[in-house]
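To start, the structure itself, in structure tokens.
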Amino acid sequence: MVHGQAASGHHTAYVQWQHYVATGVAREGDTSPPPGSLLFYSGASSAGHVAVYLGEGQAISNDVLDSETGRRGGVHITEAAELTDGAWRLNYLGWAPPTY
């Protein structure tokens with residue numbers, strides 16, 4: 001939705017990531033995404049997780065701050081490192097440009 005799309009066209013973030021890998025647009029393990037890039041993660045859920053990189057270490061993501069701030073649902077700006085080093089402890093897969 002942040003890129004003006006109603007949905008990604010994929011059932012889960014992980015399926016979207018696999019599509020980007022298969023089509024050669026994924027930047028696996030690359031830790032230098034440009035602003036606007038989709039950041040992909042794996043974790044306890046097989047669905048995976050996707051956030052949008054804003055630049056300067058910041059990302060926008062859903063639900064990531066809930067346990068620490070008491071906020072429920074919604075989308076919040078957070079440090080990108082919060083996704084891997086914070087409460088969620090997600091595994092960073094890489095980034096891809098927002099292609100739909």
Side-chain angles (χ1 to χ4, degrees):
M1 295 174 102
V2 75
H3 289 112
Q5 301 293 318
S8 70
H10 301 278
H11 289 93
T12 68
Y14 190 68
V15 169
Q16 185 177 9
W17 173 250
Q18 289 177 314
H19 171 77
Y20 287 153
V21 169
T23 59
V25 298
R27 306 297 191 264
E28 295 180 81
D30 185 337
T31 58
S32 299
S37 297
L38 302 174
L39 307 177
F40 289 89
Y41 302 86
S42 64
S45 167
S46 62
H49 187 75
V50 64
V52 176
Y53 190 64
L54 300 175
E56 299 184 18
Q58 299 283 302
I60 189 165
S61 182
N62 66 317
D63 298 329
V64 100
L65 299 175
D66 287 350
S67 64
E68 294 181 18
T69 66
R71 288 184 268 191
R72 299 283 180 235
V75 176
H76 307 284
I77 294 173
T78 187
E79 294 290 327
E82 173 65 24
L83 298 166
T84 55
D85 302 335
W88 280 30
R89 310 296 289 175
L90 297 174
N91 178 46
Y92 177 71
L93 299 172
W95 66 270
T99 56
Y100 300 98

Looking at side-chain heavy atoms only, is the closest gap between [X] and [Y] below 4.5 Å?
X     : Y     : result
Leu39 : Val50 : no
Tyr92 : Leu83 : no
Ser32 : Trp95 : no

Rounded at 0.5 Å granularity, tell me how far [atom1] in [X] sits from [atom2] in [Y].
X     : Y     : atom1 : atom2 : answer
Tyr14 : Ser46 : OH    : OG    : 10.0 Å
Arg27 : Leu38 : CZ    : CG    : 12.0 Å
Leu93 : Asp30 : CG    : CG    : 12.5 Å
Glu82 : Ile77 : CD    : CD1   : 14.0 Å

Describe, in one word, how the ring planes of Phe40 and Tyr20 are oriented to each other, choosing from parallel (under 30°), tilted (30 to 60°) and perpendicular (over 60°).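 Rings of Phe40 and Tyr20: perpendicular, as their planes differ by over 60°.
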When the ring planes of His49 and Trp88 are compared, do they come out parallel, tilted or perpendicular, using 30° and 60° as the limits?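 Taking Trp88 first and then His49, their aromatic rings stand perpendicular (interplane angle over 60°).
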In the single-linkage hydrophobic clustering (I, L, V, M, F, W, Y; side-chain heavy atoms under 4.5 Å), do Val75 and Val52 co-cluster?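 Yes, it is one cluster - the side chains of Val75 and Val52 are joined through contacts under 4.5 Å.
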What are the two closest heavy atoms between [X] and [Y], and how far apart are they?
X     : Y     : answer
Thr84 : Leu90 : CG2-O, 3.3 Å
Gly48 : Ala13 : C-CB, 3.9 Å
Ala51 : Ala59 : CB-CB, 4.4 Å

When you look at OH of Tyr41, are more than 12 heavy atoms from neighbouring residues, nucleotides or ligands closer to it than 6.0 Å?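 Yes - once you tally the heavy atoms of other residues, nucleotides and ligands closer than 6.0 Å, there are more than 12.
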